[in-house]
There are 2 protein chains.
Amino acid sequence: MLAHLSDNASPSIIAGTNARVGFDAQRNGKLWSNLKEICELLQLPAFASAADEEVLFQHVQFKAGQRIHTIGQPFDMLYIVNSGFLKTALIDEAGNEHVLGFPMRGDLFGMDGIHSKYHTCEAAALTSCDIILVPFKTLAALGRKHAELEIAIFSAMSRELVREQAMVSMLGSLSSEARVARFLVNLSDRFARMGYSGKQFNLRMTRQEIGSYLGLTLETVSRTFSAFNKIGLIAIDQRAVEIRDLHALKTLRRLPPSIGRPKAARPTQPSAEAA
Amino acid sequence: MLAHLSDNASPSIIAGTNARVGFDAQRNGKLWSNLKEICELLQLPAFASAADEEVLFQHVQFKAGQRIHTIGQPFDMLYIVNSGFLKTALIDEAGNEHVLGFPMRGDLFGMDGIHSKYHTCEAAALTSCDIILVPFKTLAALGRKHAELEIAIFSAMSRELVREQAMVSMLGSLSSEARVARFLVNLSDRFARMGYSGKQFNLRMTRQEIGSYLGLTLETVSRTFSAFNKIGLIAIDQRAVEIRDLHALKTLRRLPPSIGRPKAARPTQPSAEAA
DNA sequence: CGGCACGTTGAGAAAATTCAACTCACGTGG
DNA sequence: CCACGTGAGTTGAATTTTCTCAACGTGCCG
């Protein structure tokens, strides 16, 4: 119960250029961050002049299940995750959700809306979240003022582009096992970078959401987890994961045939038998 | 035989801020474009002050098979297609190519390199191409000068992001037939927008490249084309395509079972038979 | 203590791949 | 000028992978 929340996806106070820090930082249990803090959070090289900027960005809390933005909603903000876990997703014509990513601390999202001025995907909180609102116009204006910041914004978008390209490549060519393995390695990396254990962590999303993200069914995800568990690559119990053999997960391409589908070893010549 | 080309992916003349238009536009058979022309080519709203900019951007010609940039190559340019057809692709650890897109006239590419300062994918010409070189530093500086241009660059990157998200969603959830259908519809749209016929056109890429792009094997692509041909959605002969039923292609989810795989109608009860 | 969403597991079906043979178009060199 | 080699494309059959459907555990919230 972190804070009282207005409602679904429409924070009524607009982040921007008002506010003195000491006072407003505490008001309503909300926080405000300056440009320097944001650069650090995003792991951008905080450039010299950033410290001089007095612009403050508002934090807003969301509870699990709440949407930060929805499909079709007019775009005017970017969002930075200060804490908590989210998912971003597309809804296709048939009404099926397709998960695009799982933003967490330090991740920037909402950039899908820049082009059409409307969001083309939705973002929802998987846990309680603390999100920093970054009015796009404010950010663009700052970019025009500070060359390093402009480049940093381009860079952040480029990074997202590269990430999605890797995703496309993975979906296009890897087996289900390899996809699940890489998903775990990726989570492990991100938890480690956040200062948490990269070896033991809790999944914040359902098998369904993982499957949607990886282009697999929830059953295939579940079976693959079980198979990894059986051969000692991981230990998994519900949402609690322990990475046991990171290297194997990183390099895994395909499981030996007999593991995933427990079938008697097949003779190399499947010729005359089983009459 | 459009022009004499230096070599693979290393145009020796650096585009930038030199050059008087009338003279250099013809020198060496090369062309130079100003900011206004580029905005038009990219279908950006050409803003007022763009016309005043005297910066010129160099064109370079590539022949089919040549690479515009390679993986690992230091990034300093963006590229705009003035004419011709290309592919962009990732090479995975196993050495397999994974096609990411097929840039054509009006498309901007090379943005993958902004983040890491090195290109993470390669771009190769499928036909003879005329490419405009846009030094990234020059573009960023212009963005800082013109608010509308800065927004337009963000917008172009956002559009690419949304395009890739749609791709991820497609790879994650659509059948092979639906993917191929959408691929054809997408090509049709783009040809039409370029002023060519959206009904009849030539594929510039192999079945292998289409398959790689769609996350399918070349055989599946070929079979799907044949099936579409058989039921009259398209007419196809080698690389020549005629779109016969655009609406059906747009809405296709899955082919009726008997079409793709010509098998005798199976009894609803596959019980006692085939002794 | 239900009710219910989440997760696991199995068996059979469907989709797509693999392997293989064959055809076709095109360009090169004899 | 035509034979021939080669890369591209087509098609078939068998196999593999993944999905679908279904049943059953499990843990949590009201």
Side-chain angles (χ1 to χ4, degrees), chain A residues 64-65 96-97 126 171-180 202-212 214-230 234-241 252-263 266-271 274, chain B residues 64-65 96 126 170-180 202-212 214-230 234-241 252-264 266-271:
Chain A
N96 303 309
E97 175 178 280
L126 294 175
L171 292 175
S173 62
L174 293 191
S175 69
S176 60
E177 289 109 6
R179 295 187 209 181
V180 173
N202 287 305
L203 301 174
R204 300 325 219 285
M205 62 297 279
T206 66
R207 302 290 192 263
Q208 168 82 67
E209 286 161 342
I210 298 170
S212 170
L214 297 176
L216 302 169
T217 59
L218 65 93
E219 293 97 331
T220 300
V221 173
S222 178
R223 275 187 247 275
T224 307
F225 279 156
S226 297
F228 286 177
N229 187 63
K230 194 180 298 180
I234 62 173
I236 187 164
D237 177 50
Q238 299 290 112
R239 306 236 177 146
V241 180
L252 185 145
R253 275 169 202 290
R254 168 149 279 136
L255 244 33
S258 58
I259 304 285
R261 190 164 278 267
K263 222 175 215 173
R266 182 160 32 79
T268 39
Q269 285 291 94
S271 49
Chain B
N96 301 310
L126 294 176
M170 176 168 110
L171 291 176
S173 63
L174 294 191
S175 69
S176 61
E177 290 106 6
R179 294 186 209 180
V180 173
N202 286 304
L203 301 174
R204 298 326 218 287
M205 64 296 280
T206 66
R207 303 291 192 263
Q208 169 82 70
E209 285 160 344
I210 298 170
S212 170
L214 297 175
L216 302 169
T217 58
L218 66 95
E219 292 97 330
T220 300
V221 173
S222 177
R223 277 186 245 275
T224 307
F225 279 155
S226 297
F228 287 176
N229 186 62
K230 194 179 298 180
I234 63 174
I236 187 165
D237 177 51
Q238 299 290 112
R239 306 244 177 137
V241 181
L252 184 146
R253 271 168 201 295
R254 167 148 277 133
L255 245 33
S258 58
I259 304 282
R261 190 162 278 264
K263 220 174 216 172
R266 184 161 28 83
T268 39
Q269 286 292 95
S271 50

Asker: Kindly say whether, by distance alone, the side chain of B:E219 makes a donor-acceptor pair under 3.5 Å with the base of C:dC19?
Answerer: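 By the distance-only test, yes, there is a pair.
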
Asker: Counting only side-chain nitrogens and oxygens, does A:R207 get under 4.0 Å of the OP1 or OP2 atom of C:dC6?
Answerer: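 Looking at the OP1 and OP2 atoms of C:dC6, neither is under 4.0 Å from any side-chain N or O of A:R207.
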
Asker: Please give, in whole Å, the distance from C:dT9 C1' to A:N229 CG?
Answerer: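 Taking CG of A:N229 and C1' of C:dT9, I get 14 Å after rounding.
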
Asker: Say you draw a straight line from CG of B:L216 to OG of A:S173; how long is it, rounded to the nearest 0.5 Å?
Answerer: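 Between atom CG of B:L216 and atom OG of A:S173 there are 12.0 Å.
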
Asker: Please determine if a side-chain N or O atom of B:R223 lies less than 4.0 Å away from the OP1 or OP2 oxygen of C:dA15.
Answerer: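 Looking at the OP1 and OP2 atoms of C:dA15, neither is under 4.0 Å from any side-chain N or O of B:R223.
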
Asker: Counting heavy atoms from C-beta on, name the nucleotide in C:dC6, D:dG9, C:dA16 closest to the side chain of B:S222.
Answerer: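 For the B:S222 side chain, the nearest candidate turns out to be D:dG9.
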
Asker: Please give me the minimum heavy-atom distance between B:I236 and B:N229, naming the atom from each residue.
Answerer: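 Nearest pair, atom of B:I236 first, then B:N229: N-OD1, 3.2 Å.
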
Asker: In terms of side-chain heavy atoms of A:E177, which of D:dT18, C:dC6, C:dT17 is nearest?
Answerer: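 Out of D:dT18, C:dC6, C:dT17, the nucleotide with an atom closest to A:E177's side chain is D:dT18.
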
Asker: If you look at every strand shown and take non-hydrogen atoms under 4.0 Å, does B:G211 touch a base, only sugar-phosphate, or nothing?
Answerer: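 Here B:G211 touches no strand at all.
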
Asker: Of all the choices, C:dG7, C:dA16, D:dC19, which nucleotide is nearest to the side chain of B:S176 once you look at every atom?
Answerer: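 For B:S176, the side-chain atoms sit closest to C:dA16.
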
Asker: Atom CZ in B:R239, atom CZ in B:R204: separation rounded to 0.5 Å?
Answerer: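 Spacing of CZ (B:R239) from CZ (B:R204) equals 9.5 Å.
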
Asker: Kindly say whether, by distance alone, the side chain of A:R254 makes a donor-acceptor pair under 3.5 Å with the base of D:dT18?
Answerer: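 Flag unset: no donor-acceptor pair detected.
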
Asker: Is a donor on one side and an acceptor on the other found under 3.5 Å between the side chain of B:R207 and the backbone of B:S222?
Answerer: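 Such a contact is absent between B:R207 side chain and B:S222 backbone.
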
Asker: For B:D237 and A:S226, take the nucleotide of DNA chain C holding the closest heavy atom to each; which residue's nucleotide lies nearer the 5' end?
Answerer: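 The answer here is A:S226.
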
Asker: Describe the nucleic acid contact of A:L218 in one word from base, sugar-phosphate, nothing, applying a heavy-atom distance below 4.0 Å.
Answerer: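 Base: the residue A:L218, judged by heavy atoms under 4.0 Å, touches a nucleobase.
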
Asker: CD1 of B:I210 versus P of D:dG9: gap in Å, rounded?
Answerer: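 Distance check: B:I210 CD1 to D:dG9 P gives 7 Å.
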
Asker: Could you check whether B:T206 gets within reach of a base, just the sugar-phosphate, or nothing at all, counting any heavy atom under 4.0 Å?
Answerer: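 Here B:T206 touches the backbone only, sparing every base.
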
Asker: To the nearest Å, how far apart are A:R253 CZ and D:dT17 C1'?
Answerer: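 Taking CZ of A:R253 and C1' of D:dT17, I get 18 Å after rounding.
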
